[in-house]
Visitor: 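The structure follows.
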Amino acid sequence: LRELVSRLHQRGVQVFLVSGGFQSIVEHVALQLNIPTANVFANRLKFYFNGEKYAGFDETQPTAESGGKGKVITHLKEQFHFKKVVMIGDGATDMEACPPGDCFIGFGGNVVRKQVKEKAKWYITHFDELLKELEE
């Protein structure tokens, strides 16, 4: 993944992480991949004023609701005027974000989800497959 993101950056492609996971974890991954934290869309944890007790999650984040990943894609297309947005993901909510995303690549390198594998037009199990496509 690190090599794929690096090559995309070399080509001037902006990379975003859109996740139903929590911002603090996803931002850590983004930093490891040299993705700006401004390019992370994920759920935020909330704590009570004393900062010690969990109070829930920020329900105003688009990724906190059904169809939220698609809303993020729509926002990014409007904000940056992207011609094409390609989603790579391992879950049904990733696949459901196309449209408004223009292409979905199913990923089964961590876990194979039957629905994603069967419905994705392009399904990979290792990022080397995408790196080879970038070379061509």
Side-chain angles (χ1 to χ4, degrees):
L1 181 57
R2 184 175 280 126
E3 180 66 22
L4 175 62
V5 171
S6 176
R7 289 207 194 158
L8 290 171
H9 283 158
Q10 289 170 4
R11 291 172 170 236
V13 175
Q14 291 189 59
V15 178
F16 295 84
L17 298 179
V18 182
S19 174
F22 294 114
Q23 185 96 17
S24 56
I25 296 168
V26 180
E27 281 183 349
H28 178 73
V29 172
L31 290 172
Q32 300 298 310
L33 298 172
N34 295 316
I35 297 171
T37 56
N39 290 12
V40 173
F41 294 84
N43 294 313
R44 291 192 175 110
L45 295 172
K46 295 191 318 188
F47 293 90
Y48 288 105
F49 184 70
N50 64 12
E52 296 176 12
K53 192 171 181 186
Y54 172 68
F57 63 94
D58 184 352
E59 296 175 13
T60 65
Q61 296 300 307
T63 52
E65 60 187 62
S66 178
K69 290 180 181 179
K71 290 178 182 176
V72 171
I73 299 305
T74 297
H75 166 75
L76 293 174
K77 287 177 107 172
E78 290 171 357
Q79 181 179 358
F80 295 104
H81 306 287
F82 292 137
K83 293 179 183 174
K84 297 280 183 190
V85 173
V86 176
M87 291 282 298
I88 302 172
D90 65 357
T93 60
D94 301 308
M95 190 168 51
E96 290 167 358
C98 291
D102 300 289
C103 176
F104 173 72
I105 300 170
F107 179 69
N110 298 321
V111 62
V112 175
R113 292 190 170 89
K114 183 179 177 186
Q115 177 186 14
V116 175
K117 186 174 184 179
E118 289 175 353
K119 292 186 178 180
K121 291 181 181 174
W122 189 6
Y123 191 83
I124 63 169
T125 56
H126 198 280
F127 289 112
D128 283 348
E129 296 171 61
L130 292 177
L131 290 170
K132 288 177 188 172
E133 288 296 320
L134 286 175
E135 290 173 6
E136 294 179 7

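Sequence positions, counted from 1, serve as the residue numbers for this chain.
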Visitor: Test of understanding: with side chain to side chain contact (heavy atoms under 4.5 Å, CB included), list the residues that count as partners of Thr125, not counting sequence neighbours.
Guide: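 Expected list: Tyr123, Glu129.
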
Visitor: Quick one: do Leu17 and Ile25 end up in the same hydrophobic cluster if we chain Ile, Leu, Val, Met, Phe, Trp and Tyr together by side-chain heavy atoms under 4.5 Å apart?
Guide: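 No, because Leu17 and Ile25 fall into different hydrophobic clusters, even though each may have its own neighbours under 4.5 Å.
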
Visitor: Could you go step by step and tell me if Leu76 and Val85 meet the side-chain contact (heavy atoms from CB on, under 4.5 Å) rule?
Guide: CA-CA 9 Å; Leu76 293 174; Val85 173; 5.7 Å; no

Visitor: Looking at Asn39, Val40, Asn34, which one forms a side chain to side chain contact (heavy atoms under 4.5 Å, CB included) with Pro36?
Guide: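 Passing option: Asn39.
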
Visitor: Does Gln10 have any side chain to side chain contact (heavy atoms under 4.5 Å, CB included) partners at least two apart in sequence or in another chain, and if so, which?
Guide: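 Gln10 satisfies side chain to side chain contact (heavy atoms under 4.5 Å, CB included) with Ser6, Arg7 once adjacent residues are dropped.
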
Visitor: For residues 109-122, please give each side-chain donor-acceptor pair under 3.5 Å, one per line with the distance, not counting sequence neighbours.
Guide:
residue, atom, partner, partner atom, Å
Arg113, NH1, Asp90, O, 3.1
Arg113, NH1, Asp90, OD1, 3.4
Arg113, NH1, Asp90, OD2, 3.2

Visitor: Restricting to ring-ring contact (aromatic ring centres under 6.0 Å, His included), what partner residues turn up for Phe107, sequence neighbours left out?
Guide: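 Applying ring-ring contact (aromatic ring centres under 6.0 Å, His included) to Phe107 gives Phe127.
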
Visitor: If you round to the nearest 0.5 Å, how far is CG of Asp94 from CE of Met87?
Guide: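 Interatomic distance, Met87 CE to Asp94 CG, rounded to 0.5 Å: 5.0 Å.
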
Visitor: Which atom names give the shortest non-hydrogen contact between Gly70 and Ala97, and what distance separates them?
Guide: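 In this case the closest contact between Gly70 and Ala97 is N-CB, 3.8 Å.
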
Visitor: If you count every heavy atom of other residues, nucleotides or ligands that lies below 6.0 Å from His28 atom NE2, does the total exceed 12?
Guide: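 Open: at most 12 neighbouring heavy atoms sit under 6.0 Å from NE2 of His28.
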
Visitor: Lys77: what forms a salt bridge (charged side-chain N to carboxylate O under 4.0 Å, His left out) with it, not counting sequence neighbours?
Guide: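 Testing Lys77 for salt bridge (charged side-chain N to carboxylate O under 4.0 Å, His left out), a comparison that skips the adjacent residues, returns Asp102.
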
Visitor: What residues form a side chain to side chain contact (heavy atoms under 4.5 Å, CB included) with Leu33, not counting sequence neighbours?
Guide: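 Here the qualifying residues are Leu1, Arg2, Val5, Val29, Ile35.
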
Visitor: Considering all heavy atoms of both residues, which atom of Ala42 and which atom of Val26 are nearest to each other, and what is their separation?
Guide: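 Ala42 and Val26 have their closest heavy atoms at CB-CG2, 4.1 Å.
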
Visitor: Specify whether Phe16 and Phe41 have parallel, tilted or perpendicular ring planes, treating 30° as the upper limit for parallel and 60° as the lower limit for perpendicular.
Guide: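 Ring orientation of Phe16 relative to Phe41: tilted.
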
Visitor: Which heavy atom in Phe104 sits nearest to a heavy atom in Cys98, and how many Å separate them?
Guide: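 Taking every non-hydrogen atom into account, CB-SG, 3.8 Å.
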
Visitor: Might you point out which heavy atoms bring Thr74 and Pro100 nearest each other, and give the distance in Å?
Guide: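 Distance-wise, the nearest heavy atoms are OG1-CG, 3.3 Å.
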
